[in-house]
Amino acid sequence: MNLKNYACGEWVTSTEKTQTLYNAINGDEVAVASSAGLDFALMCNYARTVGGPALRKMTFFERGLMLKKLALYLNERKEDFYKVSWATGATRADSWVDIEGGFGNLFTYASLRRQFGNETFCLEGDVAKLSKNNTFIGHHICVPKEGVAIHINAFNFPVWGMLEKIAVNLFAGVPAIVKPATITSFLTEAVFKEIIASGLVPEGALQLICGSANGILDHVINQDIVTFTGSASTGMMLKKHPRLLEESVPFNMEADSLNCCVLGLDAAPGTPYFDIFIKEIHREIVTKAGQKCTAVRRVMVPENFVEDVQLALSKRLQSTTIGDPQLDGVRMGALAGKAQLKEVTEKIAKLAVSQQIIYDGRDAMQLTGGDKNKGAFIAPVIFLNANPFTNIDCHNIEAFGPISTIMPYKTIDDAIQLARMGKGSLVSSIITSDAKIARAYTIGAACMHGRILILNNDCAKESTGHGSPMPHLVHGGPGRAGGGEEMGGKRGVFHYLQRTAIQGSPTMLTQVTNTYMQGQNIF
Ligand code: NAP
């Protein structure tokens, strides 16, 4: 099957066989992807001249309603997407995060329509009083940028990765070109086809590139926005593109992240907090076979509890069934492909130079279904790093699979310092019911993290977990994590709007914005 690109209002199949995509479970050929022959300059221009004007005619309210209808439309077809998702190596639970989690983003942004109202623009902040007699005031107006959002995505969330981004740019009134990572683009294509078939999104508002997008940044102009999710090396290479600098194009980057989970000093073995901790880190290790940007890579444990954690975690991992996600009882599927398996295996070897493997499920790996040789299966590997302040590979090397390192700490200050040694992460969690510990950790670690979860009995049942970025909250992180910020409810919308200060009399600004300003003399 040749994947289709959607460019300038047409479905385009390239006849060139550039990249073959394989089923992660059994190695069968799934699809062929190629972007050969696509004219990226034309696509960018089509978005700016066809999609942009159509979206800008709509109000925030109308754009929100469009997202809601789209979410409902896609939700009706979700079983088809689950079927396609199997070939990415994902279990039903993994795919739920990707597929229905993605729909959740559409719903969340749809619900913001009441906050933004029924205008094509919005006001931000409060009126600034600029004169003694209040004849001259200031405010801020935000209008959609008149460019295109280019979304370059990672392979691990082919649906969520697309929807978490387009929910925001469509709501803001900006068109997008979606470029999924090629290896899992067959799933993105399946969902994208339904988005276009729905007829709910104006022509030109969305285009799709399955295959390489190398060269697309040569065509960006100052009203465009580029978002990137993927490895730090690719991100850095793209971020330096001269065209982005010349045209002052924002580049939002989400890259590698060595997220950590801290067991509080109060959460001793035998307490419910200890069990919550083991459950949480186990889930983070096996979900999506560890291929989550938010997965727990570093596990910080009070030094007296290290042995208990090793035992409890190993026991849980041993009983985790790995194999074909279509079969009953399978809890962990495969990595996305053989290339990922090779990369993760190499990273394990690098980490093993400076720290000890205390759990290695690979040798005795028994699969329930799936093909051990042709599929991309790997069992979890857990390290112990007894000297995490001096052996620092665990703070720098990200093995993008079911791989984590346990490290001991003495005081909460030590835990904070270790967390910060990740040089900037998307998320950290701490399991504690001691407010003093929670406060010290949160305030001490916050500057190096995009999100911090404080977990205990009070919220564990309803908690969305360490690994789930929520559309209402910001997703991103400083430093190594790329320095970007996505979603965040209303906050994310402003990335796609031009904020302009406006000044004048209250009467004039009331008429321009259709919003009451104190001191106006119309009403
Ligand atoms: P990747 O190899 O860096 O690729 C990311 C994206 O960049 C892909 O869509 C890729 O397309 C595209 N790309 C590569 N070169 C390009 C170019 N010259 N012009 C335009 N696009 C280009 O990363 P990946 O292997 O997909 O993802 C794994 C990594 O992503 C992990 O290291 C993980 O840490 C990181 N990640 C981070 C987050 C986060 O939110 N922070 C989320 C998920 C993953 P092709 O596939 O066609 O090469």
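Residues: numbered from 1 along the sequence shown. Remember, it's 1-based here, ligands and their atoms both numbered in the order they're listed. All values below were derived from every heavy atom in this structure, side-chain atoms included, with hydrogens, water molecules and symmetry-related copies excluded.
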> Using the rule side-chain hydrogen bond (donor to acceptor under 3.5 Å, both in side chains), only one of Gln355, Arg297, His395 pairs with Thr405; which is it?
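Testing Thr405 for a side-chain hydrogen bond (donor to acceptor under 3.5 Å, both in side chains) against Gln355, Arg297, His395 leaves exactly one candidate, Gln355.
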
> Quick check: Phe155 and ligand 1, any N/O pair under 3.5 Å apart?
yes

> Judging by distance only, is a nitrogen or oxygen of Gln340 under 3.5 angstrom from one on ligand 1?
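In this structure, Gln340 places no N or O atom under 3.5 Å from an N or O of ligand 1.
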
> Considering only the protein, which heavy-atom contact is closest to atom 33 (C) of ligand 1, and what is its distance?
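Closest protein heavy atom to atom 33 (C) of ligand 1: Phe400 CE1, 3.3 Å.
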
> Output yes when the distance from some N or O of ligand 1 to some N or O of Thr229 is under 3.5 Å, and no in every other case.
no

> Of the protein's non-hydrogen atoms, which lies at the shortest distance from atom 18 (N) of ligand 1, and what is that distance?
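Checking every protein heavy atom, the shortest distance to atom 18 (N) of ligand 1 gives Asn214 OD1, 3.4 Å.
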
> In the protein, which heavy atom is nearest to atom 14 (C) of ligand 1, and how far is it?
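Scanning the protein heavy atoms, the shortest distance from atom 14 (C) of ligand 1 goes to Thr234 CG2, 3.4 Å.
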
> If you count the atoms of ligand 1 from 1 in the order shown, which ones are under 4.0 Å from a heavy atom of Asn156?
43 (C), 44 (C)

> Measure from atom 29 (C) of ligand 1 to every heavy atom in Gly482, Ser425, Ser231 and give the option owning the shortest one.
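The option holding the nearest heavy atom is Ser231.
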
> Tell me the nearest of Ala255, Ala232, Ser35, Ser257 to atom 41 (N) of ligand 1, using heavy-atom distances.
Ala255

> Atom CG in Asn222, atom CZ in Arg243: separation rounded to 0.5 Å?
9.5 Å

> Does the pair Lys292 and Glu398 meet the rule for a salt bridge (Lys or Arg N to Asp or Glu O under 4.0 Å), with working shown?
CA-CA 11 Å; Lys292 279 197 322 184; Glu398 183 196 39; over 6 Å; no

> Within the 4.0 Å heavy-atom shell around Leu238, which atoms of ligand 1 are there?
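By the 4.0 Å cutoff, the relevant atoms are 17 (C), 18 (N), 19 (N).
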
> Is there a side-chain contact between Asp324 and Trp86 in this structure, where contact means two heavy atoms from C-beta onward sitting under 4.5 Å apart?
yes

> Is there a donor in the side chain of Asn153 and an acceptor in the side chain of Lys165, or the other way round, less than 3.5 Å apart?
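A pair is found: one side chain offers a donor N or O, the other an acceptor, under 3.5 Å apart.
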
> Need the ligand 1 atom indices (1-based, order shown) with element for anything under 4.0 Å from a heavy-atom of His475.
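Atoms satisfying the 4.0 Å criterion: 40 (O).
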
> Centre of Tyr22's six-membered ring, under 6.0 Å away, within 45 degrees of the axis: is that where NZ or CZ of Lys374 sits?
no

> What I want to find out is whether Lys350 reaches Glu346 closely enough, with some N-O distance under 4.0 Å, to be called a salt bridge.
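No salt bridge links Lys350 with Glu346.
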
> Would you indicate which of Ala33, Gly230, Ala213 comes nearest to atom 35 (C) of ligand 1 when only heavy atoms are counted?
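Minimum heavy-atom distance to atom 35 (C) of ligand 1 goes to Gly230.
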
> Which residue from Ile152, Leu217, Ile150 reaches closest to atom 12 (C) of ligand 1 through any of its heavy atoms?
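Residue with the shortest heavy-atom distance to the ligand atom: Ile152.
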
> Do me a favour and list the nearest non-hydrogen protein atom to atom 11 (O) of ligand 1 with residue, atom name and distance?
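The closest one turns out to be Lys179 NZ, 3.0 Å.
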
> Work out whether the distance between some heavy atom of Ile183 and some atom of ligand 1 is less than 4.0 Å.
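Ile183: no contact with ligand 1 (<4.0 Å).
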
> Between Lys347, Arg297, Glu254, which one has a non-hydrogen atom sitting closest to atom 40 (O) of ligand 1?
Glu254

> Can you list the atoms of ligand 1 that are under 4.0 Å from a heavy atom of Cys293?
37 (C), 38 (C), 39 (C), 40 (O), 41 (N), 42 (C), 43 (C)

> So, 4.0 Å and heavy atoms of Gln19: is ligand 1 close enough to count as a contact?
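In this structure, Gln19 fails to qualify as a contact of ligand 1 - no heavy atom is under 4.0 Å.
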
> Is it the case that over 12 heavy atoms from other parts of the model lie below 6.0 angstrom from the NZ atom of Lys423?
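It does not: Lys423 NZ has 12 such atoms or fewer within range.
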
> Could an N or O of ligand 1 be found under 3.5 Å from any N or O of Leu426, whether backbone or side chain?
no

> For Ala181, counting its heavy atoms only, list the atoms of ligand 1 lying under 4.0 Å from any of them.
8 (C), 9 (O), 26 (O), 46 (O)

> Check this for me: Trp11, atom CH2, are more than 12 non-hydrogen atoms of other residues, nucleotides or ligands nearer than 6.0 Å?
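Yes, CH2 of Trp11 has more than 12 neighbouring heavy atoms, counting only those of other groups under 6.0 Å.
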
> Can you tell me how far OG of Ser428 sits from NE2 of His466, rounded to the nearest 0.5 angstrom?
7.0 Å

> What are the two closest non-hydrogen atoms of Tyr109 and Pro471, and how far apart are they?
OH-O, 3.7 Å

> Below 3.5 angstrom, do we get any N/O pair linking Asn153 and ligand 1?
yes

> So, for Tyr46 and Gly204, which heavy atoms are closest and what is the spacing to 0.1 Å?
CE2-CA, 3.6 Å

> One thing to verify: whether Lys239 and Glu254 come together as a salt bridge, which I'm taking to mean a side-chain N less than 4.0 angstrom from a carboxylate O.
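Not counted as a salt bridge, because no side-chain N and carboxylate O are separated by less than 4.0 Å.
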
> Any idea which heavy atoms bring Pro478 and Ser425 closest together, and the distance?
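Closest approach of Pro478 to Ser425, heavy atoms only: CD-O, 3.8 Å.
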
> Are any of the N or O atoms of Thr182 closer than 3.5 Å to those of ligand 1?
yes

> Protein non-hydrogen atoms only, distance under 4.0 Å: does atom 24 (P) of ligand 1 have such a neighbour?
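It does; a protein heavy atom is within 4.0 Å.
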
> Find all atoms of ligand 1 within a distance of less than 4.0 Å from any non-hydrogen atom belonging to Ala154, and give their numbers and elements.
26 (O), 27 (O), 43 (C), 44 (C)

> For ligand 1, which atoms, with element, lie under 4.0 Å from some heavy atom of Glu398?
31 (C), 32 (O), 33 (C), 34 (O)

> Would the number of heavy atoms belonging to other residues, nucleotides or ligands and lying under 6.0 Å from CD of Gln223 be above 12?
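Yes, enclosed.
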
> Can you find a non-hydrogen atom of Phe228 under 4.0 Å from ligand 1?
yes

